[in-house]
Amino acid sequence: MTKLVLGIETSCDETSAAVTSGRRVLSNVVTSSLHLHKKYGGVVPEIASRYHVEYIVEVVKKSLEIAGKDMTDIGLVAVTNGPGLVGALLTGISFAKALSYGLKIPIIGVNHVLAHLYSSFLSEGEVPKFPFVGLVVSGGHTALFLCKDVDRRKLLGQTQDDAVGEAYDKVSKILGLGYPGGPIIEKTARSSDGSGSINFPKSYLGKDSLDFSFSGIKTAVLYYVRKAPVKSVPDVCRAFQEAALDALVENTVAACIKTKAATVVVGGGVAANKRLREKLDAAGRLNGFKVFFPEFRYCLDNGAMIGVLGGELYKRGYRSGLNLNAEPNLRA
Ligand code: KG4
Ligand code: ZN
């Protein structure tokens, strides 16, 4: 395909569009309704959908402008069709369909969770080789995959309750620290030296399970906070973060042992967490696997990851039609 891909992402609170060419990102424009959700401590679906409707045209125009291209240069529209908030997804899908129909260009639906894993392929440097263990850690999902190729994977485990990013957001709300919780908790935890000796329990889901559970850790924080006035908020943040991240690292190590994979690829908002990067890199050195993280600008939701994965799938013969619909739930 000589023409370019327009990647559109509207699954949650980011409205994003990117122009991509193979693995190259010519532009990646992201705007977010995050500020409108802050006072609710989480994303309000209706507010997110309205924001997408308001900004999608502007964002797409801007992505073309930055890339120095116009719609006639676009040969494929790639759009997130799930998982995510149904109203938010439908805004992007409807817009992409209108472009596809009006300009007579093909459209392809892209899985948002898998696209997070392909964020590590947007780098100029070394990119991961298949097969690899993919760890998706976001506000909506926490899952481990064995990725055999761009279009072949196996779900190894996923969260049974809260996603890890969601747990960060909820713990932040409990501590009155604000939204989104991930970056705030990470920063606050840094000023604790760990001498507070608080321990929050990790959930145990069975000997061979690669599933996750974060609601227990979150509830443990809630009970701790209710029991007595908190002496040190940084100590609570640190203890929560260590327990949550250790659960991610332990299952990732177990997944590598089980599948004999020598490469781990991490994606999603929580992949921006430096402590997770430290812990996984250390586990990789100890257990003999190499870890790939996306560049920070591609950790959160973005159109570039959708464009790049959409383009790759299109090359392999995948197509969607104008009957493309939203798939709100994760389907491996
Ligand atoms: O991938 P993403 O943009 O949206 C979803 O697809 O869900 O991830 C957003 C999530 C939020 O829960 C946010 O708190 C978390 O990623 N997050 C972080 C950090 N930055 C964002 N969690 C931990 N540490 C961070 N530095
Ligand atoms: Zn995401």
Side-chain angles (χ1 to χ4, degrees), residues 7-16 18 28 30-35 37-38 40-45 48 52 79-85 88-89 92 110-120 122 134-143 158-159 162-175 177-190 212 214-215 217-218 237-238 240-249 266-280 293-306 309 328-330:
I8 296 178
E9 158 62 39
T10 64
S11 68
C12 192
D13 54 343
E14 271 88 25
T15 315
S16 179
N28 183 44
V30 186
T31 179
S32 175
S33 55
L34 188 92
H35 58 289
H37 306 290
K38 271 189 197 290
Y40 304 101
V43 176
V44 181
H52 293 314
V79 61
T80 304
N81 74 313
L85 304 169
L89 287 167
V110 174
N111 181 307
H112 177 90
V113 166
L114 298 173
H116 267 306
L117 291 178
Y118 290 90
S119 302
S120 287
L122 309 185
L135 172 68
V136 180
V137 281
S138 75
H141 302 94
T142 305
Q158 62 178 323
T159 183
D162 293 346
V164 61
E166 186 183 357
Y168 266 95
D169 295 335
K170 288 179 174 168
V171 165
S172 181
K173 195 173 178 181
I174 292 168
L175 295 169
L177 295 177
Y179 176 83
I184 307 173
I185 291 190
E186 179 179 17
K187 188 161 176 259
T188 311
R190 260 186 234 136
F212 302 93
F214 293 101
S215 76
I217 309 177
K218 172 198 70 191
C237 289
R238 185 182 193 277
F240 159 75
Q241 173 160 274
E242 291 301 302
L245 300 185
D246 282 348
L248 294 175
V249 175
V266 192
V270 185
N273 187 289
K274 294 205 182 74
R275 185 74 183 129
L276 175 63
R277 290 177 178 229
E278 273 169 28
K279 279 180 178 280
L280 270 177
F293 292 96
E295 288 177 31
F296 284 103
R297 62 190 161 142
Y298 298 130
C299 285
L300 296 173
D301 293 348
N302 65 84
M305 66 183 191
I306 305 300
L309 179 54
N329 300 318
L330 175 65

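Computed from heavy atoms alone, side chains included, the values below leave out hydrogens, waters and symmetry copies. Order of appearance sets the numbers: ligands from 1, and atoms from 1 within every ligand.
In terms of N/O distances under 3.5 Å, ligand 1 is approached by Gly140. The distance criterion of under 3.5 Å between nitrogen or oxygen atoms is not met by Pro180 with respect to ligand 1.
Scanning the protein for heavy atoms near atom 26 (N) of ligand 1, the closest one is Glu186 OE1, 2.8 Å. Asn273 ND2, 3.0 Å is the protein heavy atom nearest to atom 24 (N) of ligand 1. Considering only non-hydrogen protein atoms, atom 18 (C) of ligand 1 sits nearest to Gly182 CA, 3.4 Å. For atom 2 (P) of ligand 1, the closest non-hydrogen atom of the protein is Asp301 OD1, 3.4 Å. At the top of the distance list for atom 1 (O) of ligand 1, counting protein heavy atoms only, stands Gly269 N, 3.0 Å. For atom 15 (C) of ligand 1, the nearest non-hydrogen atom of the protein is Val270 CG2, 4.0 Å. Ranking protein heavy atoms by distance to atom 9 (C) of ligand 1, first place goes to Gly139 N, 3.8 Å. Scanning the protein for heavy atoms near atom 11 (C) of ligand 1, the closest one is Asp169 OD2, 3.6 Å.
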List the steps, then state whether ring pair (Phe, Tyr, Trp, His ring centres under 6.0 Å) holds for Phe214 with Tyr168.
CA-CA 9 Å; Phe214 293 101; Tyr168 266 95; 8.9 Å; no
Could you walk me through whether Leu89 and Thr80 satisfy the side-chain contact (heavy atoms from CB on, under 4.5 Å) test, starting with their C-alpha distance in whole Å, then the side-chain angles of each, then the deciding distance to 0.1 Å, before giving a yes or no?
CA-CA 7 Å; Leu89 287 167; Thr80 304; 3.8 Å; yes
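The only option from Leu280, Asn273, Leu248 that meets the side chain to side chain contact (heavy atoms under 4.5 Å, CB included) definition with Val266 turns out to be Leu280. Put simply, the residue from Leu114, Leu117, Asn111 that forms a side chain to side chain contact (heavy atoms under 4.5 Å, CB included) with Leu309 is Leu114.
Of the inter-residue distances, the one linking Ser215 atom OG with Asp162 atom CG reads 5.5 Å to the nearest 0.5 angstrom. Expressed to the nearest 0.5 Å, how far CD1 of Ile306 lies from CG of Asp301 amounts to 8.0 Å.
Checking Asn28 against Tyr298 by side-chain atom types alone, no donor-acceptor pair falls below 3.5 Å.
Taking the side chain to side chain contact (heavy atoms under 4.5 Å, CB included) definition, one finds that Ile184 meets it with Ser172, Leu177, Thr188, sequence neighbours left out. His116 is linked by a ring pair (Phe, Tyr, Trp, His ring centres under 6.0 Å) to His112, counting only residues two or more places apart in sequence or in another chain. Legend: residues meeting side chain to side chain contact (heavy atoms under 4.5 Å, CB included) with Lys279, ordered by chain and number and at least two apart, are Glu242, Leu245, Asp246, Val249, Arg275.
By the criterion of a heavy-atom distance under 4.0 Å, the side chain of His112, and not its backbone, is placed next to ligand 1.
A cation-pi arrangement, defined by a distance under 6.0 Å to the six-membered ring centre and an angle within 45 degrees of its axis, is present between Lys274 and Phe296.
The closest approach between Pro183 and ligand 1 falls below 4.0 Å for a heavy atom of the residue.
By the criterion of a separation under 2.8 Å, the protein N/O/S atoms near the Zn ion (ligand 2) amount to His112 NE2, His116 NE2, Asp301 OD1.
Taking a 6.0 Å sphere around NZ of Lys38, one finds it holds more than 12 heavy atoms contributed by other residues, nucleotides or ligands.
Residue His116 approaches ligand 1 through these ligand atoms, each under 4.0 Å from one of its heavy atoms: 1 (O), 6 (O).
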